[in-house]
Amino acid sequence: MGTAARKRCLLACDTAQGAFCFEIELDATASIADALAEARRRWPQLGVDWDGGQTGIWGEIRPRDHVPREGERIELYRPLPEDPRVRRRSSVQRA
């Protein structure tokens with residue numbers, strides 16, 4: 001009776017209180033969606049958009065069905081309150 005292959009990844013979430021980063025152990029074939037489901041189960045109090053937030057690996061946008069490799073950092077982003085380019089244009093026009 002063998003054991004299933006496992007991998008460890010980091011999971012970084014951008015919360016209203018700041019960045020939260022922790023290590024998570026997953027099945028070797030687990031996707032980003034699987035990692036988020038496990039994190040949601042373990043840390044429901046984080047108050048992040050588990051279902052709708054954009055996801056990535058090391059700053060590169062990746063779909064939720066992407067399978068991260070051992071040691072990669074899975075990132076869950078929260079939407080910006082306003083596009084930074086729009087905000088800069090508005091402040092220049094006001095000045």
Side-chain angles (χ1 to χ4, degrees):
M1 188 198 274
T3 59
R6 306 286 286 170
K7 64 183 169 189
R8 289 179 183 255
C9 294
L10 293 175
L11 182 64
C13 303
D14 188 13
T15 71
Q17 295 77 32
F20 185 75
C21 188
F22 50 91
E23 188 174 80
I24 191 165
E25 188 173 339
L26 305 162
D27 289 335
T29 59
S31 67
I32 289 174
D34 297 327
L36 295 178
E38 176 63 16
R40 179 185 216 166
R41 184 185 67 73
R42 292 173 65 185
W43 295 284
Q45 75 281 6
L46 286 181
V48 298
D49 186 2
W50 296 111
D51 298 319
Q54 196 166 34
T55 57
I57 301 287
W58 294 113
E60 296 287 326
I61 302 300
R62 295 283 186 267
R64 289 173 180 254
D65 62 355
H66 177 81
V67 177
R69 294 188 304 247
E70 168 78 25
E72 288 190 317
R73 185 178 69 207
I74 302 164
E75 300 164 338
L76 176 62
Y77 310 114
R78 66 183 172 119
L80 295 174
E82 182 180 10
D83 184 326
R85 293 172 293 186
V86 171
R87 188 175 52 234
R88 280 192 294 275
R89 283 187 209 118
S90 295
S91 69
V92 167
Q93 287 174 354
R94 283 192 303 267

*asked:* Give me each pair satisfying side-chain hydrogen bond (donor to acceptor under 3.5 Å, both in side chains) with a member in residues 40-50, each pair once, sequence neighbours excluded.
replied: Glu38-Arg41, Arg40-Asp51
*asked:* Quick check against the 3.5 Å criterion: does Lys7 have a side-chain atom that pairs as donor or acceptor with the backbone of Ala28?
replied: yes
*Any side-chain heavy-atom pair of Ile32 and Pro63 under 4.5 Å*: no
_When you measure from the side chain of Glu72 to the backbone of Trp58, do you find a donor-acceptor pair of N or O atoms at a distance under 3.5 Å?_
no
*Looking at CD of Glu75 and CG of Leu11, how far apart are the two atoms once the value is rounded to the nearest 0.5 Å?*
9.5 Å
*Would you say Ile57 and Arg73 make side-chain contact, with heavy atoms under 4.5 Å?*
no
*Grab the two heavy atoms, one from Pro68 and one from Ala30, that are nearest each other, plus how far apart they are.*
CD-O, 3.4 Å
*asked:* A side-chain contact here means heavy atoms from C-beta on lying under 4.5 Å apart; do Arg8 and Glu70 qualify?
replied: yes
*Min side-chain heavy-atom separation Arg64-Ile74 under 4.5 Å*: no
*For Asp14, salt bridge (charged side-chain N to carboxylate O under 4.0 Å, His left out) partners two or more places apart*: Arg78
*Work out which heavy atom in Ala35 is nearest to a heavy atom in Ile24; give both atom names and the distance.*
O-CD1, 3.6 Å
*Is there side-chain contact between Asp34 and Asp27, with at least one heavy-atom pair below 4.5 Å?*
no
*Of all the heavy-atom pairs spanning Phe20 and Leu46, show the shortest one and how long it is.*
CD2-CD1, 3.4 Å
*Which distance, rounded to the nearest 0.5 Å, do you find between the CG of Leu10 and the CZ of Phe22?*
9.5 Å
*Cluster question for you: counting only ILVMFWY and a side-chain heavy-atom cut-off of under 4.5 Å, with indirect links fine, are Val67 and Leu76 together?*
no
